[in-house]
Amino acid sequence: MTEVGALPVEVTSFVGRREELRATRKVLAAARLVTLTGTGGVGKTRLALRAATEVRGSFADGVWLVELAALRDPALLAQTIGAAFRLGDTGGDPSARLVDFLRDKQLLLVLDNCEHLGQALAALVHELLVAVPDLRVLTTSRHVLGLDGEHVLPVPPLAVPPVRDLAGARGLDVVKLFVDRAAAVCAGFTVHSGNWPQVVQICHRLEGIPLAVELAAGWLRVLSVDELLARLDDFFALLRRGSPVVPARHRTLAGTVEWSHELCSSGQRLLWARLGVFAGAFDVTAVERVCAGDGIERDDVLDLLAGLVGSSVVQAERPAGTTRFRLLEPIRQYAQAKLRELGLCDELRDRHRDHYLRLAEQAAHDWGHGPEQALVAARVRADLPNLRAALEHSLAGDPAVGLRLGVALEFLWLFCGHVAEGAHWLERALALNPEPGKDRARALWIVASSLAFRGGREQAVALGREAEAWALEHDDADELAHARLVLGGCAFLGGDVDRADELFHEAEVTADGEVLLQILIAVAHTAVWRDDGDEALAVASRGLALCGEQFSRSGLLGVRGLAHWRLGSFAAAAEDLTAALSSARPFGDVLGAAKALEFLAWTSAALGQPDRAAELLGTASAVWPLVGGRPMYGFGRLIDVHADCVAGIASALGARFRPAYERGAAAVSDLDSAIAFALGSGIPDERPAELSRREYEVARLVADGLSNKDIAERLVISRRTAESHVVHILDKLGFRSRSQIATWITRRAR
């Protein structure tokens, strides 16, 4: 996450595009759907990201990027967009869940590389725009969406007009881009009196297409400017003989990529083609395991990869201290074409599948046998595009492997916010693997868990019983424990606490390891709602004594806090629930966080803190839509306690209840902001000294609900200046949205 929304940090400088930026900002101010179109490599993505960065202060709930190039299954489109908001993938129709979350938001959604998703994306964007009045959408695509009200802005190549001298050359944006990228591989490179004509001619030859210019500049690490131009001239003389039906700019980009390919060594060319098997980003270990062999020695992979990075063929990124690599979409498509020419597609896809199967199974082992679950979850999330590609390939060619891969990712599906997606893959795998077996039994109870979350308890029970029957027949204690845990969960969510308790205790008899901890959480919950707080406390404490991992610890702390609440030990309850809330954060555990916020509100009310309780109820109300929009999952006892809590707090606060509740809700733009607010780190208590008098004045007007236009009129300043003040306030206070500014002002005014 970045400071407002989810835009990535630029790793290379942004050059030129002043007119295009101005036009994009102007259209975004008036239109709700804007599409940037143009040929591959023309710079649509960079322009969209820069424009979004410049207008982010105009959107109360920020600007958010969703990269769609690696997504191949349109059925996962809504989940993929929802994941940008850390929207819990747990319940109901994902499109409806996304609409519910966005309904009252004012934000800009940037959808990048959309052309391959066609009608599915157009239908979803239309649904969102109709349902969310303050939503604006900026897309990048080679094709328009074709929706009413869509404003299309063609993105041209950078201009390469004739110039007469060095000063004129230095003034061209395309030359500035060439110099910037050349200096990255050839330290100290500049345009001077001896080389400016050649540099301009290179840019003209490449028709100002930014990706083509960047690829050419990357070769200055081994070629002089004169050599670079000569080789381009020779190659493009051949290119001009190409098909006259292909647009010139498409031939230019394709030709530049082909020319860059020809300059690579044979090993680099072979590796480039094999890298086309990856979806999204990948690490060097994946390259070594998937791409080495048959002409590439494993010890040579790193050097070959470094050469491709140096030539701008491969992009290197370093999130969280690790190095990951990716291919820009036109270059990846070229790699895939080369892979097909070499006849290596099936072999490389099998290797790719096998690597990510090993990765998934190792991650499953690490999740269950170590204290670093948050790191495991982060690693697997980073590889999700490649895991999806491996699942798709497996189910199309070797369904048994697809089933094995799907069940290996159980922890990702059930505990890390991908419940509905896991069911999507495993339902397909189950249909293709009808024969009984351990993997099928595991898939059955995983899908049953998903259905129970989503309200399909009857079908969940049927699947859970099938898994239970297989486990009994084969004397498999682990699968039996999981199946009965799921069946007990179905009973609990249906309100039959006694039956749930019976099933949980049956599951406990055969369980150990992680599943035992999950069962103890469940047993403690049933004890609370059977009004046996002492048993709940004892069971949760036993689980915590056994617990050596993070995720189950969060659940155990939460239920122990609930047990303390039931017993009237409210200070101890608040301590445990706060710790549970903090522990849920690294996993994106929306359900766990929502429950902890709700229980913490009850506890605050019991502690005689009605203002805080009202705020927490508001925060919880804004988090439940992230889960799926069904607070407490329809379980009557919990709903009754919630209603009693609301009534008591409202009575205590009177007219102060609604503002406090709305403060808590307004502080939430995503799960992180909700948890930060509840833990007290979301809003600073004192005004920072660096906030100027005028900025504080603007902040007060934001709190009053004024738009940037209204603020400009009130203070007799330009709208641009008002926008700039809002952006500076957000940056200085470390906030993500205008609503947080309003909450901060309100708290200071108490």
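Because only heavy atoms are used, hydrogens play no part in the values below, and waters and symmetry mates are left out as well, while side chains stay in.
- Between Pro586 and Ser582, the shortest heavy-atom distance links the atoms CD-O, 3.6 Å.
- Taking 4.0 Å as the cut-off between side-chain N and carboxylate O, Lys595 and Glu598 do not count as a salt-bridged pair.
- Contact of the Leu158 side chain with the Val160 side chain is not registered, since no non-hydrogen atoms from C-beta on lie closer than 4.5 Å.
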Evaluate the side chain to side chain contact (heavy atoms under 4.5 Å, CB included) criterion for residues Asp672 and Phe677: first the C-alpha distance (whole Å), next the side-chain angles of each, then the deciding distance (0.1 Å), finally the verdict.
CA-CA 9 Å; Asp672 282 344; Phe677 180 83; over 6 Å; no
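- Minimum interatomic distance between Thr53 and Arg56 (heavy atoms only, all atoms of both residues): O-CG, 3.2 Å.
- Rounded to the nearest 0.5 angstrom, Ile81 CD1 and Trp64 CH2 are separated by 13.5 Å.
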Under the side chain to side chain contact (heavy atoms under 4.5 Å, CB included) criterion, do Leu128 and Val99 qualify, and how do the steps go?
CA-CA 6 Å; Leu128 293 176; Val99 167; 3.7 Å; yes
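- Lys44 places no side-chain N or O within donor-acceptor distance of the main-chain N or O of Val155, the cut-off being under 3.5 Å.
- In terms of modelled atom types and a separation under 3.5 Å, the side chain of Arg170 and the main chain of Val175 share no donor-acceptor contact.
- At least one donor-acceptor pair closer than 3.5 Å links the side chain of Gln106 to the backbone N or O of Ser58.
- A 4.5 Å side-chain heavy-atom check between Ile729 and Ile741 finds at least one atom pair inside the cut-off.
- The CG atom of Asp73 sits 4.0 Å away from the NE2 atom of His424 when rounded to the nearest 0.5 Å.
- The main-chain N or O of Leu135 is found under 3.5 Å from a side-chain atom of Arg32 such that the two form a donor-acceptor pair.
- The closest donor-acceptor contact from the side chain of Thr37 to the backbone of Arg142 lies at 3.5 Å or more, if one exists at all.
- Pairs engaging residues 103-125 under the salt bridge (Lys or Arg N to Asp or Glu O under 4.0 Å) rule: Asp100-Arg103 [sequence neighbours left out].
- Taking both residues in full, the closest heavy atoms of Ala678 and Leu597 are given as CB-CD2, 3.4 Å, listed atom of the first, atom of the second, then distance.
- Rounding to the nearest 0.5 angstrom, the gap separating the CZ atom in Arg17 from the CG atom in Leu177 is 9.0 Å.
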For the pair Glu615 and Arg612, evaluate salt bridge (Lys or Arg N to Asp or Glu O under 4.0 Å) and give the outcome as yes or no after the intermediate values.
CA-CA 5 Å; Glu615 287 181 346; Arg612 173 163 169 77; 5.6 Å; no
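- Atom-to-atom distance recorded for Leu328:CG and Gln315:CD is 4.0 Å, nearest 0.5 angstrom.
- Residues Ser604 and Asp611 are not in side-chain contact: their nearest non-hydrogen atoms beyond the backbone lie 4.5 Å or more apart.
- Taking 4.5 Å as the limit, some side-chain heavy atom of Arg18 sits within range of a side-chain heavy atom of Asp173.
- Side chain of Arg136 to main chain of Leu28: a donor-acceptor pair is present (N/O by atom type, distance under 3.5 Å, no hydrogens or angles).
- Here the side chain of Thr619 pairs a donor or acceptor atom with the backbone of Gly664 at under 3.5 angstrom.
- Contact check on Glu317 versus Arg324 returns no salt bridge, with no Lys/Arg side-chain nitrogen under 4.0 Å from an Asp/Glu carboxylate oxygen.
- Across Val623 and Ala674, no two heavy atoms sit closer than the pair CG2-CB, 3.5 Å.
- Put simply, CZ on Phe587 and CG on Leu412 are 12.5 Å apart, with the number rounded to the nearest 0.5 Å.
- The residues Glu19 and Arg22 are annotated as salt-bridged, a charged nitrogen and a carboxylate oxygen being separated by less than 4.0 angstrom.
- Using a 4.5 Å heavy-atom threshold, the side chains of Leu77 and Leu68 count as touching.
- Between Ser554 and Ser583, the closest heavy-atom pair is CB-CB, 3.5 Å.
- Here the closest heavy-atom approach between residue Leu577 and residue Gly558 is recorded as CD2-O, 3.5 Å.
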Give the C-alpha distance, both sets of side-chain angles, the deciding distance and a yes or no for side chain to side chain contact (heavy atoms under 4.5 Å, CB included) between Leu76 and Glu421.
CA-CA 7 Å; Leu76 299 176; Glu421 179 174 350; 3.7 Å; yes
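- The side-chain contact (heavy atoms from CB on, under 4.5 Å) with Leu111 is formed by just one residue from the set Thr80, Val125, Leu138, Leu145; it is Val125.
- Under the ring pair (Phe, Tyr, Trp, His ring centres under 6.0 Å) criterion, Phe415 pairs with Phe551, not counting sequence neighbours.
- Residues Glu127 and Ser95 are in side-chain contact: their nearest non-hydrogen atoms beyond the backbone lie under 4.5 Å apart.
- With rounding to the nearest 0.5 angstrom, the CG atom of Leu616 is 13.0 Å from the CH2 atom of Trp602.
- Screening residues 98-145 for ring-ring contact (aromatic ring centres under 6.0 Å, His included) gives Phe85-Phe101 as the qualifying pairs, with residues at least two apart or on separate chains.
- When atom types are taken as modelled, the side chain of Glu150 and the backbone of Val144 share no donor-acceptor pair closer than 3.5 angstrom.
- Residues Arg50 and Leu21 meet the side-chain proximity criterion, which asks for heavy atoms closer than 4.5 Å.
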